[in-house]
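Structure first, commentary second.
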Amino acid sequence: MKLTAEHHALYRTTKSFVENDINPHVAEWERAGTWPAHEVLKKMGDLGLLGITKPTQYGGMGLDYSYQVLFAQALGNCQCGGVPMGIGVQTDMATPALARFGSNELRKEYLEPAIKGEQVVSIAVSEAGAGSDVAGIKSTARRDGGDYVINGSKMWITNGTQSDWACTLVNTSDGKPHLNKSLIIVPLDAKGVERKTKLDKLGMRSSDTAMIFFDNVRVPARNLIGQEGMGFTYQMLQFQEERLFGAASGIDGLFNVISETIAYTGQRQAFGQSILDNQSVHFRLAELRTEVESLKALVYQTTEEYLSGQQSPLQIAMLASMCKLKIGRVSREVTDACLQYWGGQGYMWDNAVARAYRDTRLVSIGGGADEIMLGIICKAMGILPSKKQAAAAKAAREARDA
Ligand SMILES: Cc1cc2nc3c(=O)[nH]c(=O)nc-3n(C[C@H](O)[C@H](O)[C@H](O)COP(=O)(O)OP(=O)(O)OC[C@H]3O[C@@H](n4cnc5c(N)ncnc54)[C@H](O)[C@@H]3O)c2cc1C
């Protein structure tokens with residue numbers, strides 16, 4: 001990925017926003033268990049940072065995804081994971097499908113205010129009974145005249161207590177699970193929407209995470225994104241940007257954890273030398289740095305392949321899944337090893353490495369667990385046993401044994 005002066009300028013603007021407008025408040029927001037999403041996103045919208053890849057007619061910059069990667073990377077300088085996650089929901093998780101498939105009217109009504117930072121948004125896919133198995137969701141939207149009537153509930157929704165609307169995946173018919181779903185914009189002030197107070201989490205403490213209940217919620221049929229029945233497909237496409245964003249936004253944070261550990265272990269003395277001077281420590285830090293550099297190279301390569309349009313959608317899904325898998329694994333490795341070198345200080349709640357250790361643990365679970373990424377990679381490699389093959393083999397075995 002060739003970085004231009006514009007890429008560097010965007011990176012610097014975002015990083016300076018993080019340093020001046022986010023980091024001074026992180027400790028307070030972490031303690032409060034929430035962040036002022038409307039206030040922060042409005043400032044970011046004023047800087048044009050929420051619509052980098054979005055169409056210009058709705059207030060976006062219309063740039064290619066490489067710029068979004070630099071934006072995400074700069075956000076990784078936040079001293080917590082919760083706030084970048086909330087921002088990523090706004091830019092890369094709840095709005096790509098609307099930007100790509102929504103009607104002009106819908107984009108004017110919902111995308112434009114999200115880009116301006118006037119509205120806070122959520123993506124509502126997961127349910128208490130279906131997280132990894134997206135096809136297994138139970139929430140429904142039935143047509144009634146000019147409306148959809150929505151029933152069901154959503155679990156672990158980021159920005160959920162503050163958002164103005166949620167891009168919501170629901171079943172719109174009883175057909176096959178990959179063909180019966182739709183994405184619908186649900187305004188969260190609608191009658192029948194109830195949000196349970198934020199969930200208490202291991203990490204990402206400053207991000208608000210809610211359960212949302214829908215009890216006969218009426219939404220105009222025009223709030224449907226694209227075609228009815230295409231929601232699963234749209235969501236799978238939307239996940240690709242989510243996964244690339246997730247990987248890119250983790251890179252700088254890991255570099256920072258390593259640098260802070262070098263600084264700390266360099267001055268901390270034990271047995272007549274600094275902790276860093278033990279070969280097992282500095283070699284390990286060098287290995288970790290190599291891992292993060294490799295992850296960065298993979299994210300840049302995936303972005304380049306995505307933009308080239310030369311690869312099949314499955315190949316791009318494979319590369320994006322590799323990025324997501326790798327950031328989860330590398331984050332666990334880096335934060336665990338570095339926390340160890342901080343000793344007792346690393347075990348303190350407010351320690352930066354301890355926070356990174358807690359926050360990044362989500363990466364291997366949320367937005368598709370590691371095992372789901374491995375399944376996608378295996379499928380692209382042609383080594384995932386298909387359910388049909390397994391059923392046919394079982395039937396053959398049973399016939400033989402009968
Ligand atoms: C802090 C937080 C924020 C979130 N934000 C959002 C949000 O904004 N919107 C949203 O829709 N969702 C959100 N989620 C939900 C998240 O995407 C799901 O938790 C995730 O997809 C995993 O689903 P699950 O929890 O139901 O785990 P399950 O599906 O129950 O899986 C449990 C574990 O089983 C293993 N597993 C699952 N399937 C397989 C398999 N096929 N093979 C082998 N092992 C497997 C994995 O290790 C997995 O972690 C959030 C979750 C958290 C914790």
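Whatever order the structure lists them in is the order used to number ligands and atoms, beginning at 1. Remember, predicted model here, so these are calculated numbers, not experimental data.
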Tell me whether the count of non-hydrogen atoms from other residues, nucleotides or ligands lying under 6.0 Å of [atom1] in [X] goes above 12.
X	atom1	answer
K379	NZ	no
Q340	CD	no
F239	CZ	yes
R143	CZ	yes

With a 4.0 Å cut-off on heavy atoms, is [X] in contact with ligand 1?
X	value
M204	no
S122	no
V89	no

Which ligand 1 atoms are under 4.0 Å away from a heavy-atom of [X]?
X	result
I372	38 (N)
I123	7 (C), 8 (O), 9 (N), 10 (C), 11 (O)
I365	20 (C), 21 (O), 22 (C)
G131	21 (O), 23 (O), 24 (P), 26 (O)
A369	46 (C), 48 (C), 49 (O)
K201	1 (C)

Next on the checklist: Tell me whether D64 contacts the main-chain N or O of S66 through its side chain, where contact means a donor paired with an acceptor under 3.5 Å.
Outcome noted: yes
Next on the checklist: Between D208 and T34 (side chain of the first, backbone of the second, donor and acceptor by atom type, cut-off under 3.5 Å), is there such a pair?
Outcome noted: no
Consider every N or O of [X] and every N or O of ligand 1, then say whether any pair is closer than 3.5 Å.
X	result
S126	yes
L362	no
T158	yes
A130	no

Is there a protein heavy atom less than 4.0 Å away from [atom]?
atom	result
atom 33 (C) of ligand 1	no
atom 25 (O) of ligand 1	yes
atom 30 (O) of ligand 1	no

Next on the checklist: Whether the Y306 and E241 side chains hold a donor-acceptor pair (N or O, under 3.5 Å, no angle test) is what I'd like checked.
Outcome noted: yes
Next on the checklist: Do Q238 and Q235 pair up side chain to side chain, a donor and an acceptor below 3.5 Å, judged on atom types alone?
Outcome noted: yes
One residue to check: [X]. Relative to ligand 1, which of side chain, backbone, both or neither has a non-hydrogen atom less than 4.0 Å away?
X	value
S132	both
M93	neither
N159	neither

Item to check | Partner residues of K154 under the salt bridge (charged side-chain N to carboxylate O under 4.0 Å, His left out) criterion, sequence neighbours left out | outcome: E127
Which residue and non-hydrogen atom of the protein lie closest to [atom], and at what distance in Å?
atom	answer
atom 46 (C) of ligand 1	E371 OE1, 3.2 Å
atom 13 (C) of ligand 1	W156 O, 3.1 Å
atom 17 (O) of ligand 1	G367 N, 3.1 Å

With a cut-off of 3.5 Å and sequence neighbours excluded, list every side-chain donor-acceptor pair involving residues 246-254.
from : atom 1 : to   : atom 2 : distance (Å)
S249 : OG     : F245 : O      : 3.1
S249 : OG     : G246 : O      : 3.2
D252 : OD1    : Q73  : NE2    : 3.1
D252 : OD2    : Y11  : OH     : 2.4
D252 : OD2    : N77  : ND2    : 2.9

Checklist entry - How are the rings of W165 and Y110 set relative to one another: parallel (under 30°), tilted (30 to 60°) or perpendicular (over 60°)? => result perpendicular
Checklist entry - Using the ring of each side chain (for Trp, its six-membered ring), is Y67 parallel, tilted or perpendicular to H7, with breaks at 30° and 60°? => result parallel
Next on the checklist: Would you say that M155 contacts I212 through its side chain, given a criterion of any heavy-atom pair below 4.5 Å between the two side chains?
Outcome noted: no
